[in-house]
Amino acid sequence: MSYLSIRGLHKQYGATPIFSDINCEIAQGEFVTLLGPSGCGKSTLLRCIAGLTEVNGGQILLEGDDLVPLAPQKRGIGMVFQSYALFPNMTVQQNVAFGLRMQKVATADSMRRVSEALDMVELGSFADRYPHQLSGGQCQRVALARSLVTRPRLLLLDEPLSALDARIRKHLREQIRSIQQELGLTTIFVTHDQEEALVMSDRIVLMNAGRIVQSGDAETLYTAPVDAFAAGFIGNYNLLDADSASQLLLRTINSRVAIRPEAIEIGEQGTIEGHIRSHSLLGNVIRYRVEARGVELLVDVLNRSEADLHSAGKAIALTIDASAIREVA
Ligand code: ADP
Ligand code: MG
């Protein structure tokens with residue numbers, strides 16, 4: 001049996017259903033990312049697991065215990081939110097010790113555990129500071145330490161990096177992942193950022209409008225999206241309707257087709273003639289907008305030399321790797 005097992009979970013706010021049948025199995029020590037657009041139900045699902053909102057049906061089993069009837073503090077779950085939610089009038093040390101005080105852990109033991117948790121997030125020397133004396137990234141590390149110190153059975157992270165700037169976000173990503181692996185902590189991480197999901201996760205659970213669309217490792221989601229939503233949400237697929245796809249590939253196609261921009265090659269010789277419309281330079285990649293047989297396509301090319309730079313209007317020929325042409329629902 002799985003470590004965490006969510007079965008037939010149903011949740012509505014008033015008369016509005018948010019999800020009606022969520023099923024998901026998570027293994028011990030797994031880092032699972034819930035990925036999906038804003039409003040699809042990610043936070044609601046986490047809040048149901050944490051017990052911060054009531055469920056209307058279904059089961060949440062953690063190590064075989066049904067969590068649904070348990071109060072939040074009895075579930076053994078740590079949670080970190082996008083907003084830091086630190087107590088402003090308490091020091092870092094007091095903030096982190098808070099959960100242990102609630103659990104009536106003896107002072108000496110508590111002091112030791114707090115200092116261990118602060119070391120883990122590299123804030124050992126910040127114990128006496130107040131939240132207003134910390135940066136956003138540091139506040140979020142305090143929030144993480146505050147969850148870790150209670151030794152949760154399950155860690156839930158709801159967009160913990162979304163309010164931080166890009167550089168700090170990348171650093172914290174790595175820190176969270178390495179702590180999670182060191183502790184073997186079963187973790188559900190919520191994000192709407194596909195790159196974050198692709199680099200951090202053992203497994204990605206892709207959600208849309210209250211449904212789990214696809215679940216798998218980063219490579220599977222990237223290379224084998226189950227439908228047009230999955231293709232559109234991860235990476236930058238060219239998504240063609242059946243008519244455009246037939247026109248481009250010169251054969252009858254009855255479904256939509258998804259083609260990754262990096263699976264198309266631009267050369268002097270190729271099977272499909274077209275011309276460059278425009279380009280943008282994305283660092284080491286050049287992204288072209290190309291027109292071929294009346295269809296507009298994105299093509300990504302590695303920016304290796306000046307020979308890779310083509311100007312607007314130039315006639316080119318495209319080669320599309322057959323294995324990269326995916327028919328999607
Ligand atoms: P996400 O975290 O994926 O952005 P949420 O779980 O926050 O999505 O929200 C899912 C849906 O539930 C949204 O349509 C949102 O408006 C609605 N919702 C969230 N919280 C409440 C609430 N407390 N009362 C009523 N509707 C809510
Ligand atoms: Mg949310």
Side-chain angles (χ1 to χ4, degrees), residues 4 6-26 31-60 62 67-68 71-72 75 77-86 136-137 139-140 143-144 146-147 152 154-166 168-169 172-173 176-177 180 186-201 203-216 218 221 225-235:
L4 176 70
I6 297 171
R7 297 182 185 168
L9 204 66
H10 174 90
K11 170 69 188 173
Q12 55 191 60
Y13 285 118
T16 313
I18 306 303
F19 41 77
S20 55
D21 189 19
I22 294 282
N23 294 282
C24 184
E25 305 286 325
I26 294 179
F31 189 108
V32 171
T33 297
L34 264 186
L35 174 68
S38 177
C40 74
K42 306 179 298 295
S43 294
T44 302
L45 180 54
L46 278 204
R47 295 173 66 82
C48 289
I49 298 170
L52 303 176
T53 189
E54 276 180 32
V55 304
N56 300 96
Q59 283 184 312
I60 305 168
L62 182 59
L67 297 183
V68 171
R75 296 186 181 199
I77 292 177
M79 187 150 174
V80 176
F81 301 91
Q82 177 177 340
S83 61
Y84 323 123
L86 301 179
C139 284
Q140 209 49 317
L144 182 61
R146 193 171 58 176
S147 294
L154 178 66
L155 181 63
L156 305 177
L157 304 168
D158 192 355
E159 310 227 17
L161 308 180
S162 299
L164 306 173
D165 70 51
I168 309 247
R169 211 157 63 212
L172 257 181
R173 240 186 225 172
I176 289 175
R177 182 64 164 138
Q180 180 269 334
T186 312
T187 300
I188 306 177
F189 179 93
V190 164
T191 184
H192 62 268
D193 179 334
Q194 47 131 337
E195 185 189 317
E196 215 159 82
L198 290 171
V199 301
M200 290 184 78
S201 325
R203 187 152 59 91
I204 298 171
V205 172
L206 181 63
M207 272 182 83
N208 187 29
R211 270 189 333 112
I212 293 178
V213 174
Q214 189 171 9
S215 161
L221 265 85
V226 291
D227 64 10
F229 168 80
F233 202 76
I234 297 186

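Both counts, for ligands and for their atoms, begin at 1 and track the order of listing.
Regarding atom 7 (O) of ligand 1, its nearest protein heavy-atom neighbour is Ser43 CB, 3.7 Å. Annotation: atom 4 (O) of ligand 1 to nearest protein heavy atom, Gly39 N, 2.6 Å. Taking atom 26 (N) of ligand 1 as the reference point, the nearest protein heavy-atom neighbour is Tyr13 CD1, 3.2 Å. Of the protein's non-hydrogen atoms, Ile18 CD1, 4.0 Å is the one closest to atom 17 (C) of ligand 1. Here the heavy atom of the protein found nearest to atom 8 (O) of ligand 1 is Gly41 N, 3.3 Å.
Contacts of Thr44 with ligand 1, taken as heavy-atom pairs under 4.0 Å, involve both backbone and side chain.
With Thr33 contributing its side chain and Leu35 its backbone, the two residues share no donor-acceptor pair below 3.5 Å. For the pair Arg203 (side chain) and Val32 (backbone), a donor-acceptor distance under 3.5 Å is absent.
Ligand 1 has a nitrogen or oxygen under 3.5 angstrom from a nitrogen or oxygen of Cys40.
Take Arg75 and apply the salt bridge (charged side-chain N to carboxylate O under 4.0 Å, His left out) test, not counting sequence neighbours, and it matches no residue. For the salt bridge (charged side-chain N to carboxylate O under 4.0 Å, His left out) test, no residue two or more places apart in sequence or in another chain qualifies with Arg47.
Atom 11 (C) of ligand 1 lies below 4.0 Å from at least one non-hydrogen atom of the protein.
Only protein N, O or S atoms were considered, and those under 2.8 Å from the Mg ion (ligand 2) are Ser43 OG.
Considering only heavy atoms from C-beta on, Ser162 comes within 4.5 Å of His192 through its side chain. The shortest distance between side-chain heavy atoms of Leu155 and Leu144 falls below 4.5 Å. By the 4.5 Å heavy-atom criterion applied to side chains, Pro72 and Ile77 are not counted as neighbours. Counting heavy atoms from C-beta on, the side chains of Gln180 and Phe189 never come closer than 4.5 Å.
Gln214 approaches Val226 most closely through the heavy-atom pair OE1-N, 3.0 Å.
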Donor-acceptor contacts under 3.5 Å from residues 48-59 side chains, at least two apart:
residue : atom : partner : partner atom : Å
Thr53   : OG1  : Lys11   : NZ           : 2.9
Asn56   : OD1  : Gln12   : N            : 2.7

